[in-house]
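Have a look at the structure below before the remarks.
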Amino acid sequence: MQEVAHSYLNELNDIQRQAVVQMDGPVMVIAGPGSGKTRVLTYKIAHMINEGVAPWQILSLTFTNKAAREMKARIEKVVGSGARKVWAGTFHSLFARILRVEAHKIGYPNDFTIYDTDDTKSLVTEIIKSMDLDKKVYSPNAVKARISASKSNLITPKAYVKNEDMMAYDRMNRRPMTFKIYEKYVDRCKRAGAMDFDDLLLQMFRLLYENPDNVRDKYQRQFQYVLVDEFQDTNFLQYQILKQFVNYKGSAHNICIVGDDAQSIYSFRGATIENILQFETDYPDLKTFKLEQNYRSTHHIVEAANGVISYNQRQIEKKIWTDRVGEDKIKLIKTLSDTEEGKRVADMIIEQKHRHNLANQDIAILYRTNGQSRIFEEYLRRQNINYRIYGGLSFYQRKEIKDILAYMRLTINPQDDEALKRVINYPKRGIGKSTVDKMIAFANDNEVSLWQSIPNVQLSKRATSLLAEFAALVATFRKKAAEGANAYDLSLFIAKKSGVTALLKADNTMEGLNRLENINSLLDGVKEFVENDEILDEENPLDKSLTAYLQSIALITDFDANDPENTDVVTLMSTHAAKGLEFKSVFVVGLEENLFPSYMALSSPDQIDEERRLFYVAITRAEEHLTLTYANSRYQYGQMRFNDPSRFLEEIPPENLDSMIPLKKKLDFGEPKVLGNFQPSRMKQLSKVDVDHKNFRPDDPAKIEAGMRVMHLKFGEGKVVDIDERRVATIEFPQVSVNSQKRIMLQYAKLQILD
DNA sequence: GGGGGCTATGGGGGG
DNA sequence: CATAGCCCCC
């Protein structure tokens with residue numbers, strides 16, 4: 001290292017500086033809350049660039065895109081505009097970017113669709129229905145969670161069936177067919193040219209692991225330095241990808257992970273602290289740095305945090321400390337109801353602003369569930385306090401926005417079944433449920449997308465012509481796209497020709513006007529995208545196509561949206577979303593049993609520990625003033641409920657607490673109400689079809705004629721009743737059920753001729 | 001096939 | 001409480 005006195009190094013304490021200058025080899029930074037972790041990461045990257053590492057050789061994985069942007073801006077201040085070329089972003093966004101270039105090498109179109117949670121859920125629901133399984137037993141959310149967990153642990157559908165743990169768990173939960181739903185789900189996504197959120201990781205892994213065209217070497221060579229923030233919230237799959245980047249013959253293993261086991265709060269999406277322990281095993285020569293000095297909070301807050309987290313079972317040995325002596329103890333407020341809680345918090349915000357000279361932006365209200373925001377919103381509005389709610393339903397999740405986006409998606413990728421299902425009859429064009437059901441059945445039988453089923457599925461004259469009209473409409477969108485229309489012109493065209501804007505214009509209710517306005521904002525956004533000439537994507541600088549636009553927004557969250565006009569606002573967000581942020585004054589609200597900790601977590605000590613870490617994250621967001629509130633009664637799920645104060649409140653050392661309420665004498669509200677009544681019913685039996693897989697050899701479809709007996713992998717033996725002019729065969733499969741006729745496109749069919 | 005009204009059901013955190 | 005899905009009628 002050169003002996004140049006880089007001024008930024010003087011802004012660091014000893015340990016921070018050591019962590020920054022340790023560029024080479026495996027590095028682990030254990031960083032307590034407020035210990036200057038972001039500063040270390042930022043300066044470390046700046047330092048690398050100063051030491052001659054090319055910015056594009058640095059891969060920096062952060063938890064939000066916003067964090068990545070802020071980090072880049074700070075690096076830019078130290079090293080100049082080269083900072084923009086650092087590969088900084090979330091796992092999902094950076095891998096999506098790579099897959100846009102490479103996906104064709106693993107059998108996906110490069111302009112694949114990204115399925116969001118709703119798309120995934122709707123597809124899972126459809127598959128469950130198609131298998132005649134009981135939706136009450138096979139709850140789509142539960143199945144979806146199983147699929148996600150499998151992908152996050154690199155368990156393919158094939159491996160799933162052989163995995164005794166997975167199968168036993170499903171049997172125990174009376175969902176033994178989960179493996180089959182998983183298999184079908186994977187097929188359907190593939191057919192639709194779609195990746196779900198987990199696929200962005202899984203397919204990235206496959207790309208590197210299967211290494212077509214030596215693509216792995218390309219990225220191994222490129223990413224000389226890998227940094228991972230919030231490593232405690234990575235899952236198994238993410239870690240395997242990191243190892244693909246870093247572990248190869250002759251590698252210097254330049255990987256730096258930053259994390260804090262005490263802030264691990266995402267196990268529900270597969271995150272595991274095991275990764276930290278595994279990292280120590282995988283890289284025994286790693287250098288470890290522990291950042292324990294907290295610069296953010298007063299001693300009352302830091303001591304409360306230490307006190308609370310000490311109730312957890314497993315943790316890496318460390319104790320955060322501060323030399324900031326605070327005047328205010330932590331305030332604990334009890335109210336009779338949730339509405340009174342809202343009013344009290346709004347009143348206290350007014351008071352704090354005066355007494356401590358705080359701006360709105362110094363203040364945050366943090367809650368366990370997004371549903372709690374409404375009451376606070378109401379009282380802040382009454383007090384004329386500007387606020388902004390993060391999370392919950394984001395702009396891009398609104399119905400009218402998703403409708404337009406579905407048309408856009410269909411324009412780019414007509415195989416996108418979820419988009420097609422969404423808009424095929426919106427606005428109403430006479431294509432109803434039964435038509436769509438027939439399309440789905442046909443598409444499944446032939447293993448094609450819904451779009452491909454349109455010219456071939458057998459329907460009434462009326463339905464056929466309506467479908468053709470719809471297909472022609474989408475075709476005009478596609479034609480315009482192929483002619484090179486920019487995203488804005490095409491979006492306007494789509495909004496108009498699809499009939500969506502006309503429909504909303506005819507709706508004169510407040511809701512209709514609102515929706516129209518939202519669509520206009522969306523179009524404004526597209527316009528901005530087209531007119532913005534700042535180069536954001538170095539690989540593909542001035543692509544103004546609809547494809548490029550869809551890519552740019554696919555992974556945007558509510559968080560990333562900027563509202564430059566309104567910066568002085570009180571922040572309302574979930575405790576999860578608050579990770580990494582800090583405020584002078586923080587209100588953590590709804591501290592009641594069944595809410596925080598969540599009732600979902602009560603039955604498992606591990607999950608209670610995670611709730612406790614979440615509480616730890618919440619209180620350590622505060623710099624000077626921390627207020628905790630709970631209500632005796634609250635409307636939950638349309639019912640008045642009475643919850644005890646949260647157990648976490650008793651875990652705060654009394655000397656740091658300013659409370660009027662003697663916590664030890666808990667009020668008795670009687671037995672908590674039993675939540676949820678889960679009564680599993682029986683699933684229907686799938687019919688058995690006898691197929692000899694080993695001796696199955698499909699014949700050339702051209703040879704198939706009416707009258708032949710044929711074998712189909714899924715439906716068993718069948719008799720060809722008829723073949724029409726488009727080479728669509730009607731085949732009777734007696735093993736499926738009596739009189740079961742399927743329509744099969746011979747072009748795609750795998751059929752063996754029996755005689 | 002569309003639409004209105006009713007009932008049953010679920011209900012967390014997020015990329 | 002919100003919404004999906006069902007039934008019924010046109």
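In this text the structure is predicted, and so the values were computed from the model without any measurement. Convention: sequence-line order gives letters A, B, ...; per-chain numbering from 1.
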Please tabulate, one pair per line, each protein N/O and nucleotide N/O from nucleotides 4-9 of chain B that are separated by under 3.5 Å, including the distance.
none

Q: Whenever both distances are under 3.5 Å in a Watson-Crick or G-U wobble pair, mark it; put DNA chain B into dot-bracket that way, with [ ] for crossing pairs and | when the partner is on another strand.
A: ||||||||||.....

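- The salt bridge (charged side-chain N to carboxylate O under 4.0 Å, His left out) check on A/R188 picks up A/E126, A/D417, with sequence neighbours excluded.
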Nucleotides 3-5 of chain C: which of its N/O atoms have a protein N/O under 3.5 Å away?
| residue | atom | partner | partner atom | Å |
| --- | --- | --- | --- | --- |
| C/dG5 | OP1 | A/K135 | NZ | 3.1 |

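- Qualifying side-chain hydrogen bond (donor to acceptor under 3.5 Å, both in side chains) partners for A/K438, counting only residues two or more places apart in sequence or in other chains: none.
- Shown here are the side-chain contact (heavy atoms from CB on, under 4.5 Å) partners of A/D170, two or more places apart in sequence or in another chain: A/R146, A/Y160, A/T178.
- With sequence neighbours excluded, no residue satisfies salt bridge (charged side-chain N to carboxylate O under 4.0 Å, His left out) with A/K461.
- Residues passing the ring pair (Phe, Tyr, Trp, His ring centres under 6.0 Å) test with A/Y169: none are found, sequence neighbours excluded.
- Each salt bridge (Lys or Arg N to Asp or Glu O under 4.0 Å) pair with one or both residues in residues 233-245 of chain A, not counting sequence neighbours, appears once here: A/D233-A/K579, A/K243-A/D282.
- In this structure, the side-chain contact (heavy atoms from CB on, under 4.5 Å) partners of A/A305, at least two apart in sequence or on a different chain, are A/Y616, A/I619, A/T620.
- A/T547 is linked by a side-chain contact (heavy atoms from CB on, under 4.5 Å) to A/D111, A/I412, A/S545, A/Q551, counting only residues two or more places apart in sequence or in another chain.
- The residue A/D198 sits close to a base: some heavy atom pair falls under 4.0 Å.
- The salt bridge (charged side-chain N to carboxylate O under 4.0 Å, His left out) search around A/R368 returns A/E611, not counting sequence neighbours.
- A/R634 contributes no side-chain N or O that, together with a main-chain N or O of A/D338, makes up a donor-acceptor pair within less than 3.5 Å.
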